[in-house]
Amino acid sequence: MRVFKFGGASVKDADGVKNVVKVLQEVGHEDTLVVISAMGKTTNAMEKVVSAYFKDKQKVLSSIDEVWEYHAAILSELFANDQHAVYQKVRELFDEVKGFLAWNKSPKNAFVYDQVVGYGELVSTTIVSEYLKEQGLPNVWQDVRNLIKTDNSYRDAIVNWENTQERVDKLDTSKLHITQGFLGSDDNNFTTTLGREGSDYTAAILAYCLNADSVTIWKDVPGVLNADPRNFKETQLLHQISYREAIELAFYGASVIHPKTLQPLQRKEIPLHVKSFVKPKDDGTVVGKGADISPKIPCFIVKKNQVLIKLSSLDFSFIVENNISDIFKLFHDHRMKVDLIQNSAISFSVCLDNKFNGLQPMLDKLKRRFKVVCHEDVSLYTIRHFDDNAVKSLQNGRSVLVEQRGKETVQLVVK
Ligand code: ASP
């Protein structure tokens, strides 16, 4: 069996959905399980519903209606007959969200979040599945919550592999299946989510349990590029990447493939293709066994809005294990993600991702024990497989605050 994944951007409008049909017709659709995300930016819109529920109840219905309007426009372009059963099905899903929010008693944000946000995927797959049928591609709509079982860590659920495997074993693998990314369910059958951008991971989980031949992620780019075209002018397509290299790239912040996605695939050596949904017959990129990276060219990754902190001891004493462990505990307590570390005898520099706005209270604590210099809004550039030209191109005209070189990787913190 093959597993395909179409992300939100690929089904953001009626043309996108029509293109899914085209892709399936071109590359074949037998023995295929297709994982689909919520359409366009629906997950963000559903997040707004949740925040209205907690902060401004009056806006709940209007924010749900906005999401409905968006889907209604897509539906009317896809299904000329407004008596088509799909309208009823989608309306029922919207009624379910409203019903849930009307009777819910739980004050827990993460729980409510998962019960509400998941409708983005339930709606998108309902529309795509019905449209495929219309176009002569019979398929089975699978509720992924009956397949992927998780614990109840809402918003970041952990997969119960044994339970999931048992359920996936019962799938009829000779058919075309359409299912949701991002979702699972807990022991009480409440919806759980696997973390934002979790649909790639869904594809990997199902591929693992199905012993699939391959996973293909269909994208609006030709494959994995050596740099993000939003940040770099010149980019090149990578034809082949090893699992290890892909994990490294993801670790440094390349957003193409979610790191969690690679682990299950690597364990069973299932190749992961990243291909263009505009040119489905092109090769794209394959992540799998074999060469680390081909062609072997520098890969650029940038993380913006980082914080560089330089700590030095107040009394010229060394910064060694005991104070380093205290410093790391502070980072952990303030939910700072450490991107880069550089230390000398009496100073310690660290580049942090201040995702949860914990910077100021943390700095206050650090200042009690160290001299602290802090640069906000710096960028961290990483070049894998660097050469001199690649490094120079980044240094060019910028003020480099820290540079760190390893064998394969150079990192620059730049203001
Ligand atoms: N719809 C979810 C999100 O936007 C999952 C995904 O698209 O991967 O995060």
Side-chain angles (χ1 to χ4, degrees), residues 3-13 16-17 19-20 23 33-51 63-64 66-68 70-71 74 90 93-94 97 109-110 112-129 141-145 147-148 150 153-159 178-185 191-208 215-221 224 228 230 246 250 253-265 272-275 277 287 355:
V3 176
F4 285 177
K5 181 253 171 173
F6 288 93
S10 61
V11 288
K12 68 178 192 307
D13 50 25
V17 178
N19 191 57
V20 171
V23 170
L33 180 141
V34 183
V35 172
I36 301 177
S37 302
M39 293 178 153
K41 302 263 181 262
T42 300
T43 306
N44 295 353
M46 295 306 276
E47 284 184 345
K48 285 200 189 129
V49 174
V50 178
S51 76
S63 53
I64 297 177
E66 265 176 47
V67 186
W68 157 253
Y70 165 63
H71 289 90
I74 295 177
V90 173
L93 290 169
F94 279 92
V97 189
N109 189 303
V112 173
Y113 179 102
D114 280 5
Q115 308 320 304
V116 172
V117 165
Y119 278 93
E121 269 72 11
L122 294 167
V123 169
S124 70
T125 47
T126 301
I127 297 177
V128 175
S129 164
W141 183 87
Q142 284 292 343
D143 188 333
V144 80
R145 297 171 297 180
L147 297 174
I148 298 185
T150 70
S153 328
Y154 300 109
R155 296 196 68 169
D156 200 12
I158 295 170
V159 175
I178 305 295
T179 200
Q180 306 78 38
F182 186 45
L183 312 182
S185 71
T191 308
T192 54
T193 62
L194 304 170
R196 285 299 308 262
E197 311 292 329
S199 295
D200 289 0
Y201 185 41
T202 304
I205 297 164
L206 295 173
Y208 180 93
V215 173
T216 305
I217 298 181
W218 297 97
K219 291 223 165 224
D220 53 1
V221 285
V224 180
D228 184 337
R230 285 171 298 188
S255 57
V256 242
I257 304 158
H258 199 286
K260 261 193 190 169
T261 305
L262 293 161
Q263 284 144 9
L265 299 180
L272 170 71
H273 299 274
V274 180
K275 289 185 176 220
F277 58 65
V287 180
K355 262 196 186 156

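Heads up: numbering here begins at 1 and tracks the sequence. Counting convention: from 1, in listed order, for ligands and their atoms alike. Just so you know, these numbers come straight off a predicted model, no measurement behind them.
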Are any of the heavy atoms in Gly198 under 4.0 Å away from ligand 1? yes
With heavy atoms of Thr43 as the reference, note each atom of ligand 1 found under 4.0 Å away. 1 (N), 2 (C), 3 (C), 4 (O)
Under the salt bridge (Lys or Arg N to Asp or Glu O under 4.0 Å) test, which residues partner Lys275, sequence neighbours left out? none
For Gln115, is there any backbone N or O sitting under 3.5 Å from a side-chain donor or acceptor partner on Thr191? no
Sorted by chain and residue number, the salt bridge (Lys or Arg N to Asp or Glu O under 4.0 Å) partners of Lys260 (sequence neighbours excluded) come out as Asp156
Ligand 1 to Arg196, heavy atom cutoff 4.0 Å, flagged ligand atoms 3 (C), 4 (O), 9 (O)
Report yes or no: does Thr150 contribute a side-chain atom to a donor-acceptor pair with the main-chain N or O of Val159 at less than 3.5 Å? no
For Ser199, the ligand 1 atoms with a heavy-atom partner under 4.0 Å come out as 5 (C), 6 (C), 7 (O), 8 (O)
Pull out every atom of ligand 1 sitting under 4.0 Å from any heavy atom of Ser37, numbered as shown with elements. 6 (C), 7 (O), 8 (O)
Polar proximity ligand 1 side, Glu121 side, N/O cut 3.5 Å exclusive: yes
For a quick check under 3.5 Å, do Asp114 and Thr193 share a side-chain donor-acceptor pair by atom type? yes
If you take all heavy atoms of Gly120 and Thr42, which pair is closest and at what distance? CA-CG2, 3.8 Å
Determine, using heavy atoms of Lys41 and all atoms of ligand 1, whether some pair is separated by less than 4.0 Å. no
